[in-house]
Peer 1: 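Sharing a structure here in structure tokens format.
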Amino acid sequence: MAATELKRQFTEDQADAIQNIAWCDWDHATMKARLPDFRSLEIDAFIEKYS
């Protein structure tokens, strides 16, 4: 059975921007340094800061 999308967390534009930022490819030191922003910034502010 295929997965069913229940609710989108981000708009399609936001999701594209997050993919372009590629935060999951950041090295450990970069991720550790940026973790406070990752946890506290609203998504649009995070995208603006790291795009």
Side-chain angles (χ1 to χ4, degrees):
M1 176 161 39
T4 302
E5 184 177 309
L6 299 176
K7 178 182 167 188
R8 292 187 75 89
Q9 186 171 1
F10 305 115
T11 67
E12 195 158 329
D13 288 341
Q14 288 169 329
D16 289 342
I18 292 167
Q19 284 187 322
N20 289 334
I21 292 169
W23 64 269
C24 55
D25 293 333
W26 294 346
D27 61 46
H28 181 77
T30 301
M31 177 63 83
K32 186 175 180 181
R34 296 178 180 177
L35 191 57
D37 287 340
F38 190 84
R39 290 179 171 164
S40 65
L41 290 177
E42 294 291 329
I43 189 62
D44 290 325
F46 185 86
I47 289 168
E48 184 175 329
K49 185 168 185 176
Y50 293 106
S51 288

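Quick caveat, the model's predicted, so the values are computed rather than measured. Only this structure's heavy atoms are used, side chains among them; waters, hydrogens and symmetry mates stay out.
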Peer 1: Hey, could you give me each pair passing side-chain hydrogen bond (donor to acceptor under 3.5 Å, both in side chains) that has a residue in residues 17-27? Not counting sequence neighbours.
Peer 2: Asp27-Thr30
Peer 1: Name each donor-acceptor pair under 3.5 Å that joins a side chain in residues 43-51 to protein atoms two or more places apart or in another chain, with its distance.
Peer 2:
unit_1: Asp44; atom_1: OD1; unit_2: Gln14; atom_2: NE2; d: 2.9
unit_1: Lys49; atom_1: NZ; unit_2: Asp37; atom_2: OD2; d: 2.6
unit_1: Tyr50; atom_1: OH; unit_2: Asp37; atom_2: OD2; d: 2.5
unit_1: Ser51; atom_1: OG; unit_2: Ile47; atom_2: O; d: 2.6

Peer 1: Output all residues satisfying salt bridge (Lys or Arg N to Asp or Glu O under 4.0 Å) with Arg39, sequence neighbours left out; order by chain, then residue number.
Peer 2: none
Peer 1: Applying salt bridge (charged side-chain N to carboxylate O under 4.0 Å, His left out), which residue pairs with at least one partner in residues 8-20 are found, sequence neighbours left out?
Peer 2: Glu5-Arg8
